[in-house]
Structure formats: C-alpha cells, structure tokens
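These notes are about the structure you will find just below.
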Amino acid sequence: MSRHVLVRVALTVVLLAALLPILYLVSLSVRPPDDVLNSSLWPREWTTANFTSVFHTIELGTMLQNSWISAVGAALLAVAIATPAAYFTARRVAGERLLTALLAAYCAPPIVAIIPLFFLLRSLGLTNNVVGLILVNGIASVPVAAWLLDGFVRRIPVEIDEAAVIDGLSVGAAFRRAVLPLLWPGIVAALLVVFFLSYNDFLFAVYLAVTKESQTLTVGLSLFQGDRNVQFGQQAAAGLLGILPVYALALAAQRYLVGGLATGATK
C-alpha cells in the first residue's frame, strides 16, 4: 500500500472520528422521548417535533440572536483594537514585550476576573445586556487577535512603511493607506477566530447575563440539565440549530481562515 493511500485512510478515519459526535447529535435530535435512552447510534423511531417544541421550552430564538450579536460585536471590537496593537508589536523594538504581556494576560484563568467584571459592568448598567458581553468577550480576545495579526504584519516588508513615510505620510497614515490593505486576509482570519471563541463562550455569559432577554445559546443549552426529566432530544435539536450556521460560516470562509491562520502564525 502506497504512502498516498495510507494518508487518505488516516484522514478518513480522523474525519469520521470528528463527525461521529455530530452524527450522534443528529440522531438524538430526531428521536422521540421514549427512544432517547436507546444506546444505538441509529434511532428506532423518527420525529421532527423536537425542532419545534424546543422553541417553547426555552427562548431559543432570542438566545441565538444574542449569541450572534455578541459574537459579531466582540469580533469587531477585538480586531479594531488588535490591528494597531499588532502593528506596534511587529514594528517597534519594545513590541515583543507588549505582545508577551498580552499573551501572559490571556493565559490567566478567566474565572478570576468574573467578580471584578460583574461589579464593573453593574456600575455601567451593562449587566444582563448584550453590550456587556460584547465588551467583555471583545477585550478578552484582543491577545489572540493581536498574536495572529502580529505574524501577518511581520510578513509585510518594512520598506513599504518607509516608502510611504518618505512620500510624506505620517506613521498612522502609512499604516492606514499602505499596510492595512495588505492585512485583510489576516483581519478576516482574526475576525473568524474571535467570533468562534465568543460564540462558544459560557463562563462570561452564565455570570453576566442571567435574564431570559440576555441569555445566549450556551446558557440555554445548560438549562436543560436542571430538570429531573432532561429533554435530550430538544437539547440536541437546539445544539444543531446553533452550530449549523456556524459550520456553514466556517466552510464558506475556509480559504480565508486556513490561509490567514497559516500566514499569521508564521513569523
């Protein structure tokens, strides 16, 4: 057996292993309550009632909306801060220290910041508010976005900046007009990564947004575990409705995501 065939077989096994949880989630979502405890992967009975009844069990529509708004807002905020920060870390002598400090802060457990963040947001009137989640997730994701964009900036020749300054532009104008247009693949990749991180966030959402009007999908999925009779079929249906649009986005932007990550992470 050739090496090429072995690689294909290995990739197929990895793909099946990665898709197996999703397939089982689909299987649970189309089962009636009496068939949920069936341990087989294939359901014995079929139903689509879970996809409609879940909207009555939890405020799924509102939760999905809150998840998307907070994730998109956090991605835009994080990249807006991280883009000039990455330009500084890549072009200035002391930039490495700033990048190291940002990454060190990101390594700290986020749970230690929950109480200060709660009181800070409460003083601003942003608890139980999607805007509060945007601020927290956006600022918390700045180190990741800056790290990705730093590597991307380093691949842009510094002579481009110097030529723009020689032509009479200020440093800021040179960044906006000469460097920023070349950063768009990295910016798209950073937006996607921060979006996925914020969309999957549970810790900040469960502590800082507890009302039905402000809860996100991750919090909504956890609510099913509080009942004595857990509606696994509805929980699976809610999970599918939450991840399918994100999967579609990842597939549609696959070229930008993979290309941006590969380029931005290479220094």
Side-chain angles (χ1 to χ4, degrees), residues 63-90 95 98-111 113-114 117 120-121 126 129-155 175 179-209 214-219 242-267:
M63 292 174 178
L64 287 172
Q65 176 179 297
N66 292 337
S67 292
W68 275 86
I69 292 176
S70 62
V72 171
L76 293 174
L77 176 62
V79 172
I81 298 173
T83 303
Y87 182 72
F88 177 86
T89 60
L98 175 60
L99 185 61
T100 301
L102 286 174
L103 293 177
Y106 187 76
C107 293
I111 188 65
I114 285 295
L117 285 173
L120 179 61
L121 291 181
L126 294 178
N129 194 310
V130 177
V131 177
L133 292 179
I134 291 174
L135 288 175
V136 171
N137 284 311
I139 295 175
S141 300
V142 167
V144 175
W147 173 73
L148 289 172
L149 290 168
D150 176 271
F152 218 92
V153 173
R154 292 178 187 274
R155 295 179 65 91
F175 166 69
V179 178
L180 191 59
L182 302 176
L183 276 178
W184 277 110
I187 289 175
V188 172
L191 285 171
L192 290 171
V193 170
V194 176
F195 172 84
F196 296 145
L197 290 175
S198 302
Y199 190 84
N200 293 326
D201 170 68
F202 175 75
L203 182 64
F204 292 141
V206 76
Y207 280 98
L208 304 177
S214 62
Q215 287 175 336
T216 60
L217 176 64
T218 53
V219 178
I243 65 175
L244 286 180
V246 178
Y247 269 58
L249 174 63
L251 290 175
Q254 179 179 352
R255 178 167 63 90
Y256 298 98
L257 182 61
V258 175
L261 287 175
T263 305
T266 304
K267 298 184 179 180

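Model, not experiment: these values are computed from the prediction.
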Checklist line | Shortest non-hydrogen contact from A74 toward V194 | finding: O-CG1, 3.8 Å

Check: Is there a donor-acceptor pair closer than 3.5 Å between any side-chain N or O of S67 and the backbone N or O of L217?
Finding: yes

Next item on the list: With side chain to side chain contact (heavy atoms under 4.5 Å, CB included) as the test, would you mind laying out the steps for F152 and T83 before giving the verdict?
Entry: CA-CA 10 Å; F152 218 92; T83 303; over 6 Å; no

Item checked: Under 3.5 Å donor-acceptor, Y87 side chain and L180 backbone -> no

Check: Quick one: CG on L126 to CG on L117, what's the gap to the nearest 0.5 Å?
Finding: 11.5 Å

Margin query: To check you understand the geometry: which heavy-atom pair defines the closest contact between A86 and D150, and what is its length?
Written below: CB-N, 3.6 Å

Next item on the list: Looking only at non-hydrogen atoms, find the nearest pair between A71 and Y199 and report the distance.
Entry: CB-N, 3.8 Å

Next item on the list: Test W147 against L102 for side chain to side chain contact (heavy atoms under 4.5 Å, CB included), laying out the working first.
Entry: CA-CA 9 Å; W147 173 73; L102 286 174; over 6 Å; no

Next item on the list: Can you see which heavy atom on L133 is nearest to which on S214, and at what distance?
Entry: CD1-O, 4.2 Å

Item checked: Spatial distance of atom CG (L77) from atom CD1 (I134) [nearest 0.5 Å] -> 8.5 Å

Checklist line | Smallest separation among heavy atoms of T218 and N200, with atom names | finding: CG2-O, 3.8 Å

Next item on the list: Please tell me if the side chains of L197 and N137 come closer than 4.5 Å, counting only heavy atoms from C-beta onward.
Entry: no

Check: Rounded to the nearest 0.5 Å, how far does CG of N129 lie from OG of S70?
Finding: 11.0 Å

Checklist line | Test log, rule side chain to side chain contact (heavy atoms under 4.5 Å, CB included), inputs I187 and W184 | finding: CA-CA 5 Å; I187 289 175; W184 277 110; 3.9 Å; yes

Note to self: Using only atom types and a distance under 3.5 Å, with no angle test, would you say the side chain of D201 pairs donor to acceptor with the backbone of A205?
What the structure shows: yes

Next item on the list: Give a yes or no on this: more than 12 heavy atoms of other residues, nucleotides or ligands lie within 6.0 Å of atom CZ of F202.
Entry: yes

Notebook entry, point to check: How far apart are the C-alpha atoms of L192 and L249, what are their side-chain angles, what is the distance that settles it, and do they pass the side chain to side chain contact (heavy atoms under 4.5 Å, CB included) test?
Noted result: CA-CA 9 Å; L192 290 171; L249 174 63; 4.2 Å; yes

Next item on the list: Find the distance between OG1 (T216) and CD1 (I69) and round it off to the nearest 0.5 Å.
Entry: 12.0 Å

Margin query: Are more than 12 heavy atoms, taken from residues, nucleotides or ligands other than Y207, located less than 6.0 Å from that residue's OH atom?
Written below: no

Check: Shortest non-hydrogen contact from A82 to A146?
Finding: CB-N, 3.5 Å

Check: Quick one: does V130's side chain get under 4.5 Å of W68's, heavy atoms only?
Finding: no

